[in-house]
Every structure is written in C-alpha cells, then in structure tokens.
Amino acid sequence: QVQLAESGGGSAQAGGSLRLSCEVSVPKFTMYGMGWFRQAPGKERDFTAAISWSGGTTQYSDSVKGRFTISRDNSKKTVYLQMNRLKPNDTAIYYCAAGLYGIGSERPDAYEHWGQGTQVTVSS
C-alpha cells in the first residue's frame with residue numbers, strides 16, 4: 001500500500017519562504033514520478049510542480065515558476081517543494097501525488113496516489 005505524508009505547511013508572511021516535504025512509503029520510490037498540486041478555497045485543485053523519477057526533468061505552473069523549486073531525495077523516498085517569495089494567493093492546501101512509471105506530469109489523472117494535504121497560509 002502506497003502512503004504519502006506531507007509536512008512543512010504553516011503560515012508565512014508575503015515574501016517569506018516555506019519548504020514542504022512528502023515522504024512516500026513504497027518499495028521502489030524511483031519508479032514514481034512525483035507532483036505537487038494545490039487547492040485554494042472555492043477553487044479546483046491545480047497543478048503546481050512535478051518531477052520525473054530521476055529528478056532530471058521538472059515542470060512548473062506559470063504562477064510559481066521562478067519562485068518554487070521541486071526536488072527529490074530518492075535515498076529518503078522524499079520529495080520537496082521549496083517555496084520562496086510567497087504571495088497571499090499561494091494560500092492553499094498543498095497535495096503531494098505519486099504516479100507509477102511517471103515522468104512528472106501536470107495532469108492529475110497521471111497520479112494514482114495522493115497525500116492528505118498540508119495547509120499553507122500566506123498573509124500580506
């Protein structure tokens with residue numbers, strides 16, 4: 001059974017930083033492409049960032065490109081989202097997702113497993 005556990009959410013001031021972590025319990029973590037999605041109040045869940053199994057390929061939404069960085073440590077079975085220069089409209093629940101044999105995709109249907117989410121609140 002694949003389980004994902006996000007951590008690192010919380011509150012920050014605009015312009016500040018937070019780092020999210022997602023630990024994945026799975027025998028072969030390197031078989032999975034990983035993604036981060038977010039859902040703001042009253043809105044749909046949107047793609048934020050993705051990374052291939054090797055970490056060699058990354059993708060970002062236009063709204064976070066240049067501010068957020070996705071990375072992974074395969075020895076720790078963990079994917080990270082470093083969020084810098086935070087803005088109030090980054091406020092959302094952030095979800096980690098894992099897709100078997102994935103190269104990292106912006107499509108939610110490319111991921112079979114999802115975490116419970118972690119709240120990020122950015123104040124102005």
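Residue indices begin at 1 and follow the sequence shown.
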Taking every non-hydrogen atom, the tightest pair across [X] and [Y]:
X	Y	value
Val120	Gly9	CG2-CA, 4.2 Å
Tyr94	Leu20	CB-CD1, 3.5 Å
Thr30	Trp53	O-CB, 2.9 Å
Ser21	Thr78	CB-CG2, 4.3 Å
Ala98	Leu4	N-CD2, 3.9 Å
Pro88	Ala14	CD-CB, 4.1 Å

If hydrophobic clusters are built from ILVMFWY residues whose side chains come within less than 4.5 Å, do [X] and [Y] share one?
X	Y	answer
Ile103	Ile51	no
Ile70	Met31	yes
Val79	Val2	yes
Phe47	Ile93	yes

_Around atom CD of Glu23, are there more than 12 heavy atoms from other residues, nucleotides or ligands closer than 6.0 Å?_
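Not more than 12 within 6.0 Å, no.
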_Atom CG of Leu100 with >12 non-hydrogen neighbours under 6.0 angstrom_ =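 Above 12, so yes.
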Rounded at 0.5 Å granularity, tell me how far [atom1] in [X] sits from [atom2] in [Y].
X	Y	atom1	atom2	result
Arg85	Asp90	CZ	CG	10.5 Å
Ser63	Arg38	OG	CZ	4.5 Å
Glu44	Phe37	CD	CZ	12.5 Å
Thr69	Leu81	OG1	CG	8.0 Å
Leu86	Thr121	CG	OG1	10.5 Å
Glu106	Asp46	CD	CG	10.5 Å

*Give a yes/no verdict on a cation-pi contact between Arg72 and Phe29, requiring under 6.0 Å between NZ or CZ and the six-membered ring centre and an angle within 45° of the axis.*
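Verdict for Phe29: a cation-pi partner in Arg72.
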*For the pair Asp73 and Ser71, evaluate side chain to side chain contact (heavy atoms under 4.5 Å, CB included) and give the outcome as yes or no after the intermediate values.*
CA-CA 7 Å; Asp73 185 335; Ser71 61; over 6 Å; no
_Expected output: side-chain Glu6 to main-chain Gln116 donor-acceptor under 3.5 Å_ =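 Answer holds: yes.
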*asked:* Treating Ser25 as the side-chain partner and Gln3 as the backbone partner, does any N or O pair qualify as donor plus acceptor under 3.5 Å?
replied: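 Checked: pair present.
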*asked:* With a 6.0 Å cut-off on the ring centroids, do Phe68 and Trp36 count as close?
replied: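 Between Trp36 and Phe68, which both carry aromatic rings, the centre distance is not below 6.0 Å.
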*Just wondering, do Ser105 and Tyr111 contact through their side chains at under 4.5 Å, heavy atoms?*
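Tyr111 reaches Ser105 side chain to side chain.
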*Is there a side-chain contact between Met34 and Val24 (heavy atoms, below 4.5 Å)?*
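With C-beta onward as the side chain, the pair touches.
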